[in-house]
Amino acid sequence: MTKVYLTTAIPYVNGEPHLGHPLDYLLADFYARYRRLHGDTVRLQAGTDEHGNKIYKKAMAAGKEPQDFADENSKKFQDFIKALGVEYTDFIRTTNATHEARVQEIWTRLKEHIYKGTYEGWYCEGCERFVTDKEYADSSGICPDHQAAYQKLTEENYYLRLSDFKPEITAAIESGDLRILPEFRKKEMLKLISDAPDVSISRPRQHLPWGVPVPDDDSQVMYVWVDALSNYITVLGYPDQDISEYWPANVQFVGKDILRFHAIIWPAMLLGLGLPLPKVILSHGFVLSDGQKMAKSLGNVVDPLDVLKRHGLDAFRYYFSRHFDTFMDSDFTWEKFDDAYNNELANDLGNIVQRLSVLCQKNNIYGLVFTPQPDPTYEKLMDDFEFTKAIDYAWGKLQELNREINDTAPWAVAKSDPARAKELLIKLTHQLLAANHLLKPFLPITEQVEQVFLSQQVTPPSTPLFPKERS
RNA sequence: CGCGGGGUAGAGCAGUCUGGUAGCUCGUUUGGCUCAUAACCAAAAGGUCGUUGGUUCAAAUCCAACCCCCGCAACCA
């Protein structure tokens, strides 16, 4: 039995889950379910990133303790992940005391690659933070929130010496030992690595009051990287426990925006610890709303809970698997979502279940047995993480089946030759169950479909699957 | 010349590496069927494949130049 470890990026819990968050979880869950159907033991991690300035300030603004604030938001994310039907096995929080202790030990073990340096940049007193060069340029040197000029400021930081690891990381990515997906991101990452300066991994305590203290230096607090990225191994028990059963991870699912950190800083940390690199880092695109990036300022933010409520969990997972490209940005609109529900889920899957179950009932079919057969085309797609193409392929099977039902017309055959009709229906039902089986990683409702046909006596579901809503 | 992605039917995309009558899903129109959720099946309409030039018997596909859209450039999924 193969052991599989999959990870998802841990979201920063300074706000509510939005429609972009499900992607990591769903992709990981599709793959996890697929491997579990093959009998593999899958460990699927999820969690929340809870330190940092933004959370500290939001908590202060709300008159709360940072920990209480983090507790509330972490809970929201955990509930959300459950609502998505994601079968995760571990949930890690960066404010967990065990995680914090482990992170400090990790820092200590990385010490020979860490040095103290100074960081100089543009700083806003009001925001209490440094701004990027781009922000500085865009705002002509004036903070838009505080109408105050940015100041040049210097502070002490610890740095991770990336140069110690660049050749090894580059070689791993080039050879495919560390596979970056999609392929077109690989070049981008290689270029970024060659240009990457050493990374600042700490902040003075007065600038970052909410975080894990740097060991042996009370004046400094760890910045996000060492703290958050370590979650993938602290959740397994590192460094107190042997993690070789599950590490290296088979696949790490991340958004395209944070791929660079997972392709550069994270491998550097792992090499510094003497741990193997993950086998695959898969980066997915963004969820666009009406063709645009979702942003509060644009007023096009969609609440994922509303989407879940609209047509239920299966519709949600269906839309995000079949109408979202696994690797590229894709668009969400209510109209497309409703169309997918009505024209595809209801008309194809829902209707065909109804169609065949009624025919089976009328022809008194019972005691069916189903054994899934391997489908190499489908498995190749799933193994390559081409989820959109895999579900598309499975859907094609449903459409073929509809054609075949029309062509063979079992209802007509039943009038003259009931025995032959029965035989036909059993064959057609097996085809449906085979297609249904391919949909299992994506749609939980497939369990219900099996129940309909594999129960003692085939009876149509009391209410059709995916009932159409009359508008 | 910062890096990367993209421009193919009303919408979303495949096809480009390995040149050879332009394909899929959804939508539209017409016909068929009646087992089924006003469902299903068939057929049709709809594209000068971003622009210009080149190579070739033949270019969405190869080469060159250009135009347009999008993302990224230390905390944004």
Side-chain angles (χ1 to χ4, degrees), chain A residues 8-12 14 17-25 49 51-54 119 121 129-134 157 182 184-192 195-197 199-201 203 208 223-225 228 253-261 265 283-288 291-295 322-325 327-331 333 335-336 339-340 342-363 388-389 392 395-396 399 401-407 409-414 421 425 428 460-461 463-470:
Chain A
T8 59
I10 54 174
Y12 194 58
N14 64 339
H18 61 69
L19 199 56
H21 286 112
L23 240 35
D24 267 14
Y25 306 126
D49 176 17
H51 288 125
N53 236 326
K54 280 191 184 170
Y119 178 84
R129 70 181 187 105
F130 286 95
V131 296
T132 63
D133 289 347
K134 187 190 178 183
N157 285 181
F184 66 78
R185 296 265 177 232
K186 184 170 156 181
K187 252 193 287 175
E188 199 179 341
M189 288 308 123
L190 287 170
K191 168 82 176 147
L192 276 169
D195 295 347
V199 205
S200 158
I201 54 171
R203 294 289 183 273
L208 183 58
Y223 184 54
V224 63
W225 309 126
F253 294 87
V254 302
K256 64 177 185 180
D257 55 331
I258 53 171
L259 172 62
R260 63 191 54 206
F261 311 124
I265 302 175
S283 89
H284 58 75
F286 277 174
V287 179
L288 307 178
Q292 284 183 305
K293 191 169 174 172
M294 273 186 286
R322 186 143 187 245
H323 291 277
F324 263 69
D325 186 278
F327 301 112
M328 299 208 278
D329 291 355
S330 301
D331 198 29
T333 67
E335 196 190 351
K336 285 181 189 172
D339 280 351
N342 286 314
N343 303 328
E344 296 168 26
L345 277 175
N347 290 355
D348 292 335
L349 182 57
N351 180 56
I352 212 165
V353 167
Q354 199 68 16
R355 217 184 165 183
L356 269 181
S357 58
V358 168
L359 281 167
C360 285
Q361 188 185 40
K362 286 184 177 170
N363 289 276
T388 311
K389 287 177 183 153
D392 221 41
W395 217 260
Q399 291 166 325
L401 181 56
N402 258 329
R403 240 168 275 144
E404 199 164 333
I405 297 175
N406 275 49
D407 292 348
W411 57 91
V413 175
L425 283 170
L428 292 168
T463 46
L465 309 183
F466 311 115
K468 280 207 183 179
E469 282 124 38
R470 291 158 196 268

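Letters A, B, ... are given to chains in the order of the sequence lines, protein chains preceding strands, and every chain is numbered from 1.
As judged by a 4.0 angstrom heavy-atom cut-off over every strand, A/V353 is placed among residues making no nucleic acid contact. Looking at heavy-atom distances under 4.0 Å, A/V224 makes contact with a base. At a threshold of 4.0 angstrom between heavy atoms, the contacts of A/G20 include nucleobase atoms, whether or not backbone atoms are also involved. Counting non-hydrogen atoms under 4.0 angstrom, A/H323 reaches nothing in the nucleic acid. Among the protein residues, A/I258 comes within range of the sugar-phosphate backbone only, with heavy atoms under 4.0 Å from sugar or phosphate atoms but none that close to a base. Within the 4.0 angstrom heavy-atom criterion, base atoms lie near A/Y119. Within 4.0 Å (heavy atoms only), A/G350 reaches at least one base atom of the nucleic acid. Within 4.0 Å of A/D24, counting heavy atoms only, lies no atom of the nucleic acid at all.
Dashed line: the shortest gap from a side-chain N or O of A/K256 to OP1 or OP2 of B/rA77 is not under 4.0 Å. The side chain of A/Q399 contributes an N or O atom lying less than 4.0 Å from OP1 or OP2 of B/rC26. An OP1 or OP2 oxygen of B/rG27 is reached within less than 4.0 angstrom by no side-chain nitrogen or oxygen of A/K336. For B/rC76, the OP1/OP2 oxygens have a side-chain nitrogen or oxygen of A/K54 closer than 4.0 Å. When the side-chain nitrogen and oxygen atoms of A/N343 are compared with OP1 and OP2 of B/rG27, one or more of them lie within a distance under 4.0 Å.
Summarising the geometry, the separation between CZ on A/R322 and C1' on B/rC26 is reported as 9 Å, rounded to the nearest angstrom. Atom C1' of nucleotide B/rC41 and atom CG of A/D348 are separated by 13 Å, given to the nearest angstrom. Here the P atom of nucleotide B/rC76 and the CG atom of A/L259 are 17 Å apart, to the nearest Å. One interatomic measurement links the two molecules: CE of A/M189 to P of B/rG4, which rounds to 11 Å at whole-angstrom precision. One atom, CG of A/D339, and another, C1' of B/rU25, lie 12 Å apart when rounded to the nearest Å. Computed from coordinates, the A/F253 CZ to B/rA77 C1' distance equals 15 Å when rounded to whole Å. What separates CZ of A/F286 from P of B/rG71 is a distance of 10 Å, to the nearest Å. The CD1-C1' distance, from A/I10 to B/rA77, rounds to 13 Å in whole Å.
For the pair A/F286 and A/D257, the minimum side-chain heavy-atom distance is below 4.5 Å. Looking at A/H51 and A/V224, their side chains never come closer than 4.5 Å, going by heavy atoms from C-beta outward. Between A/L356 and A/L425, the closest side-chain pair of non-hydrogen atoms falls below 4.5 Å. Side-chain atoms of A/K468 and A/N347, non-hydrogen and from C-beta on, do get closer than 4.5 Å to each other. Using a 4.5 Å heavy-atom cutoff, the side chains of A/I405 and A/I352 are in contact. For the pair A/Q354 and A/F466, the minimum side-chain heavy-atom distance is 4.5 Å or more. Counting heavy atoms from C-beta outward, A/E188 and A/K256 have side chains that stay 4.5 Å or more apart. Using a 4.5 Å cut-off on side-chain heavy atoms (C-beta onward), A/S357 and A/P461 make contact.
The distance from the OG1 atom of A/T333 to the CG atom of A/D339 is 8.0 Å, given to the nearest 0.5 Å.
B/rG32 sits 36 Å from B/rC13 when the P atoms are compared, rounded to a whole Å. Taking atom C1' in both B/rA9 and B/rA44, one finds a spacing of 14 Å when rounded to whole Å. Distance check on atom P: B/rC17 versus B/rC62 gives 5 Å, rounded to whole Å. Distance check on atom C1': B/rG15 versus B/rG23 gives 7 Å, rounded to whole Å. If you take atom P in B/rU34 and the same atom in B/rG20, they sit 44 Å apart, rounded to whole Å. Distance noted for atom C1' between B/rA45 and B/rG2: 47 Å (whole Å). For the P atoms, the distance linking B/rU18 with B/rA11 amounts to 32 Å, nearest Å. Atom P of B/rU61 sits at a distance of 15 Å from the matching atom of B/rG6, rounded to the whole Å.
Each of A/K389 and A/N347 lies near RNA chain B, and the nucleotide nearest A/K389 is the one positioned closer to the 5' end. Taking the nucleotide of RNA chain B with the nearest heavy atom to each of A/R403 and A/A9, the more 5' of the two is matched to A/R403.
In this structure, of B/rA77, B/rC35, B/rC40, it is B/rA77 that holds the atom nearest to the side chain of A/H284. Nearest nucleotide to the A/H18 side chain, out of B/rA77, B/rU34, B/rC72: B/rA77. When distances run from any side-chain atom of A/K191 to the nucleotides B/rC3, B/rA14, B/rA36, the shortest one goes to B/rC3. Out of B/rC72, B/rA36, B/rC35, the shortest distance to the side chain of A/L359 is found at B/rC35. Considering only side-chain atoms of A/W225, the nucleotide from B/rA74, B/rU34, B/rC40 that sits closest is B/rA74. When each of B/rA73, B/rA39, B/rA77 is scored by its nearest atom to the side-chain atoms of A/R260, the top-ranked nucleotide is B/rA73. Across B/rC40, B/rC3, B/rC76, the shortest atom-to-atom separation from the side chain of A/F261 is found for B/rC76. Of all nucleotides listed (B/rA36, B/rC41, B/rC26), B/rA36 comes nearest to the side chain of A/Q354. For A/R355, taking side-chain heavy atoms from C-beta onward, the closest of the listed nucleotides B/rG5, B/rA39, B/rC35 is B/rC35. Across B/rG32, B/rC76, B/rC26, the shortest atom-to-atom separation from the side chain of A/N406 is found for B/rG32.
Nucleotide B/rC24 forms a Watson-Crick or G-U wobble pair with B/rG12, both donor-acceptor distances falling under 3.5 Å. Base pairing of B/rC66 is made with B/rG50, judged by Watson-Crick or G-U wobble geometry with both donor-acceptor distances under 3.5 Å. The partner of B/rA58 is absent, by the rule that a Watson-Crick or G-U pair needs both atom distances under 3.5 Å. With a cut-off of 3.5 Å on both pairing distances, the Watson-Crick or G-U wobble partner of B/rC3 is B/rG71. Within the shown strands, nothing qualifies as a pairing partner of B/rC17 under the Watson-Crick or G-U definition with both distances less than 3.5 Å. Base pairing of B/rA43: its partner is B/rU29, meeting the Watson-Crick or G-U wobble criterion (both donor-acceptor distances under 3.5 Å).
Nearest approach of A/R322 to A/W395, heavy atoms of both residues: NH1-CD1, 3.4 Å.
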